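Please read all numbers here as calculations on a predicted model, not as lab measurements. Below, each value reflects all heavy atoms present in this structure, side chains not excepted, and no hydrogens, waters or symmetry copies.
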Amino acid sequence: MILQVENLSLSFHGPDGRVPAVRGVSLQVNPGEVVAMVGESGCGKTALCRAILGLHSQHAVIEGGSITLCGKTVTSMTEEELQMVRGKDAAMVFQDPISSLNPTVSVGGQIAETIRLHEKISRKEAMERAEELLGQVGIPEPHLRSRQYPHHFSGGMRQRVAIAIALASNPALLIADEPTTSLDIATQNQIMQLLQSLVRQNPDRAMLFVTHDLGLAETLADRIVVMKDGRIVEEGSTDRIFSDPRHDYTKKLLGYAAYGKGTSHYHGHLGDPADGAFWRTDQCDGRPLVTVSHLTKAFPLGKQQVRTVLEDFSLNIYKGEIVGLVGDSGCGKSTLARCLMGIYRPEAGEIKFEEGCRKQMIFQDSASAFNPRMTLEQIIAEPLTIEALRQKKKTGERILKRKESVREKVLEMMDQVGLPRELAGRHPYDVSGGQRQRAAIARALITDPDFLIADEPIASLDVSMQSQIIHLLKQLHDQRQLTLLLISHDLPMVEHISDRVVKLF
């Protein structure tokens with residue numbers, strides 16, 4: 001047996017008191033098998049996985065039970081002992097790859113560092129292995145890309161780098177926490193086949209695959225464990241779970257399993273970004289809120305090579321419409337978003353906004369967009385604080401905002417995006433990826449922006465919450481006359497609410 005969890009209980013302790021996350025969970029993973037742990041966001045999946053590798057902060061307290069990994073009792077190890085276990089006995093692919101990557105070290109260097117931590121080989125040999133791993137997970141031109149840094153990669157490509165790092169030391173147990181949420185369908189299939197083959201080809205290896213998608217678990221897992229509210233409510237072989245689900249919650253998840261696999265109904269127009277003909281909402285008055293003209297953005301691959309991501313790109317976004325922007329990972333969707341927000345400076349072209357336009361962005365990697373020292377309440381309220389300071393500087397007036405009124409608005413936004421109020425005092429690293437993403441959406445909407453860029457806003461959410469968030473964005477669009485640029489690789493979802501869909505290649 002590679003992993004055995006016995007009657008584990010874990011709680012988070014913060015300003016609002018004790019919040020149970022894992023409640024008496026028992027679980028085992030045997031050599032050669034793939035176990036899928038499924039459940040909606042916040043059910044305790046990620047909390048359990050982090051406990052296996054001792055990755056929780058001091059706010060998390062194991063109140064009972066034990067974890068045994070490769071015959072070693074993890075729950076009684078020191079930090080120094082845990083460092084030797086991580087990577088070799090077990091490695092984890094995190095849900096938010098940017099939070100697990102060092103921005104100051106090349107991606108090849110990070111993979112090589114992991115290899116050399118557990119193996120006595122030269123730096124050159126480690127770099128060669130790193131390039132092989134990058135090629136395995138689908139990174140093009142691995143010799144060149146290995147010398148680049150995380151910020152040079154798209155969200156989907158960063159996820160592939162994170163998988164390569166996890167595989168670097170051939171761990172006995174691979175813990176994959178939502179490893180494909182930011183990938184397009186083609187790359188998702190490639191990564192899932194790779195992960196599955198790594199287990200099937202080595203009978204001494206196993207994988208704990210964490211997902212909210214039972215349909216995805218069906219194609220990969222030998223056995224499925226269903227979690228709800230910190231407890232395992234059902235467990236069994238994949239065939240049995242799908243043919244004879246016994247718990248009502250499992251039946252509910254199975255109802256979402258086919259989401260996005262069929263054809264979607266489409267309200268808009270799919271075409272060239274320069275095409276002026278499109279289906280308009282009643283709100284759209286034909287005036288461009290945003291005009292992008294002949295935009296070009298490139299990134300250096302080395303001293304003498306560059307990769308052009310956007311070239312001579314033009315697009316009008318009209319006031320009051322929802323524009324869907326789709327394309328495979330690495331095609332330039334997030335690059336365009338960052339150019340619109342002024343984060344990237346293009347090599348050529350022009351971007352114009354209507355005067356007075358207030359813009360906000362929901363980032364793809366919510367963990368990297370948050371200050372880990374701040375609570376979720378402080379993070380969501382931060383745009384209000386910044387806006388007040390700007391107004392004070394502009395008018396010279398002293399603006400006072402009562403903490404009570406700000407807190408009430410924060411709590412109202414948390415309600416709107418389905419984020420429990422009791423999480424207000426928690427830090428980003430003490431909540432699930434889906435809960436972080438809901439906080440990111442609340443943060444972006446709290447200042448009532450005119451233009452909202454949503455970069456993969458629901459990639460890390462379970463399917464039931466995806467539906468709620470997408471319809472929330474549509475409702476806010478209708479109520480606030482919001483203009484929305486919705487970026488995704490999920491064409492059926494984008495088609496569902498968009499007035500117009502633009503495809504990048």
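- Between the side chain of His56 and the backbone N or O of Ala47 there is at least one donor-acceptor pair closer than 3.5 Å.
- Checking side-chain atoms of Ser488 against main-chain N and O of Val326 turns up no donor-acceptor pair under 3.5 Å.
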Quiz prompt | Ile115 vs Ile111, side-chain contact (heavy atoms from CB on, under 4.5 Å): CA-CA, chis, key distance, verdict | solution = CA-CA 6 Å; Ile115 295 171; Ile111 300 171; 4.1 Å; yes

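- Contact annotation: the side chain of Thr219 never approaches that of Met192 to less than 4.5 Å [non-hydrogen atoms, C-beta and beyond].
- Atoms CE and CG, on Met92 and Leu53 in that order, are 7.0 Å from each other to the nearest 0.5 Å.
- If you take CE on Met227 and CD on Glu234, they are separated by 14.0 Å, rounding to the nearest 0.5 Å.
- Electrostatic pairing of Arg307 and Glu141 does not count as a salt bridge here, judged by no charged N lying under 4.0 Å from a carboxylate O.
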Practice problem: Tell me, with the steps shown, if Phe299 and Phe153 meet ring-ring contact (aromatic ring centres under 6.0 Å, His included). | Solution: CA-CA 10 Å; Phe299 295 96; Phe153 290 76; over 10 Å; no

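- Between Phe94 and Ile175, every side-chain heavy-atom pair lies at or beyond the 4.5 Å cut-off.
- Side-chain atoms of Lys333 come within 3.5 Å of backbone atoms of Gly327 as a donor-acceptor pair (strictly under, hydrogens ignored).
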Quiz item: Can Thr114 and Gln110 be said to form a side-chain contact (heavy atoms from CB on, under 4.5 Å), step by step?
Solution: CA-CA 6 Å; Thr114 304; Gln110 294 185 56; 5.8 Å; no

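- Using modelled atom types and a 3.5 Å distance limit, the side chains of Glu40 and Tyr249 yield a donor-acceptor pair.
- Applying the 6.0 Å contact sphere to CD of Glu80 captures no more than 12 heavy atoms from other residues, nucleotides or ligands.
- Here the CZ-CD distance, from Arg240 to Glu235, works out to 9.0 Å after rounding to the nearest 0.5 Å.
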Exercise. Given side-chain contact (heavy atoms from CB on, under 4.5 Å), test Val74 with Ile52 step by step and report yes or no.
Key: CA-CA 7 Å; Val74 175; Ile52 293 169; 5.6 Å; no

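- Residue Gln378 places its CD atom among more than 12 non-hydrogen atoms of other residues, nucleotides or ligands, all under 6.0 Å distant.
- In this structure, His118 NE2 and Met84 CE are separated by 5.5 Å, a value rounded to the nearest 0.5 Å.
- Residues Val35 and Met207 form no side-chain contact, since every pair of their non-hydrogen atoms from C-beta on lies 4.5 Å or further apart.
- Using modelled atom types and a 3.5 Å distance limit, the side chains of Ser26 and Glu6 yield no donor-acceptor pair.
- Between the side chains of Glu125 and Ser122, at least one donor N or O lies within less than 3.5 Å of an accepting N or O.
- The two atoms that bring Pro31 and Ala206 nearest to each other are CA-CB, 4.4 Å, heavy atoms only.
- Residues Leu134 and Val161 meet the side-chain proximity criterion, which asks for heavy atoms closer than 4.5 Å.
- Rounding to the nearest 0.5 Å gives a distance of 7.5 Å between CG of Asp204 and CD1 of Ile2.
- Both the sub-6.0 Å distance and the 45° axial angle are satisfied by Arg426 relative to the ring of Phe12.
- Side chain of Arg160 to backbone of Gly138: a donor-acceptor contact under 3.5 angstrom is found.
- Proximity of a side-chain donor or acceptor of Glu131 to a complementary backbone N or O of Glu128 within less than 3.5 Å is not detected.
- Of all non-hydrogen atoms in Pro142 and Gly135, the two that sit nearest each other are CB-N, 4.0 Å.
- In this structure, Ser169 contributes its side chain and Lys88 its backbone to no donor-acceptor pair below 3.5 Å.
- Of the possible polar contacts, one joining the Arg23 side chain to the Asp229 backbone as a donor-acceptor pair under 3.5 Å is found.
- No side-chain donor from either of Asp239 and Ser237 sits under 3.5 Å from a side-chain acceptor of the other.
- By the 4.5 Å heavy-atom criterion applied to side chains, Gln159 and Val93 are counted as neighbours.
- Listed for the Arg443 side chain is a donor-acceptor partner under 3.5 Å among the backbone atoms of Ile379.
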Quiz item: Should Arg421 and Asp415 be marked as a salt bridge (charged side-chain N to carboxylate O under 4.0 Å, His left out) after you check the CA-CA gap, both sets of side-chain angles, and the distance that decides it?
Solution: CA-CA 7 Å; Arg421 290 189 173 201; Asp415 291 340; 2.7 Å; yes

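- Inspection of the Gln435 and Arg438 side chains reveals no N or O donor paired with an N or O acceptor under 3.5 Å.
- Ring geometry for His427 against His59 counts as parallel: the plane angle stays under 30°, on a 0 to 90° scale with 60° as the upper cut.
- Dense packing is recorded around CZ of Arg200, with more than 12 heavy atoms of other residues, nucleotides or ligands lying under 6.0 Å away.
- Residues Leu48 and Leu10 are not in side-chain contact: their nearest non-hydrogen atoms beyond the backbone lie 4.5 Å or more apart.
- Atom CG in Leu484 sits 9.5 Å away from atom CD1 in Ile453 (nearest 0.5 Å).
- No donor-acceptor pair under 3.5 Å is formed between the side chain of Thr73 and the backbone N or O of Ser76.
- The residues Glu422 and Arg18 are annotated as not salt-bridged, no charged nitrogen and carboxylate oxygen being separated by less than 4.0 angstrom.
- Using a distance-only test at 3.5 Å, with no hydrogens or angles considered, a donor-acceptor pair links the side chain of Arg205 to the main chain of Pro171.
- Annotation: side chain of Leu3 is not in contact with side chain of Thr68 (no heavy-atom distance under 4.5 Å).
- Residues Leu174 and Leu195 meet the side-chain proximity criterion, which asks for heavy atoms closer than 4.5 Å.
- Between the side chains of Ser11 and Glu63, at least one donor-acceptor pair of N or O atoms lies under 3.5 Å.
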Practice problem: Begin from the C-alpha positions of Ile165 and Leu101 and carry the test side-chain contact (heavy atoms from CB on, under 4.5 Å) through to its verdict. | Solution: CA-CA 9 Å; Ile165 292 174; Leu101 298 176; 3.5 Å; yes

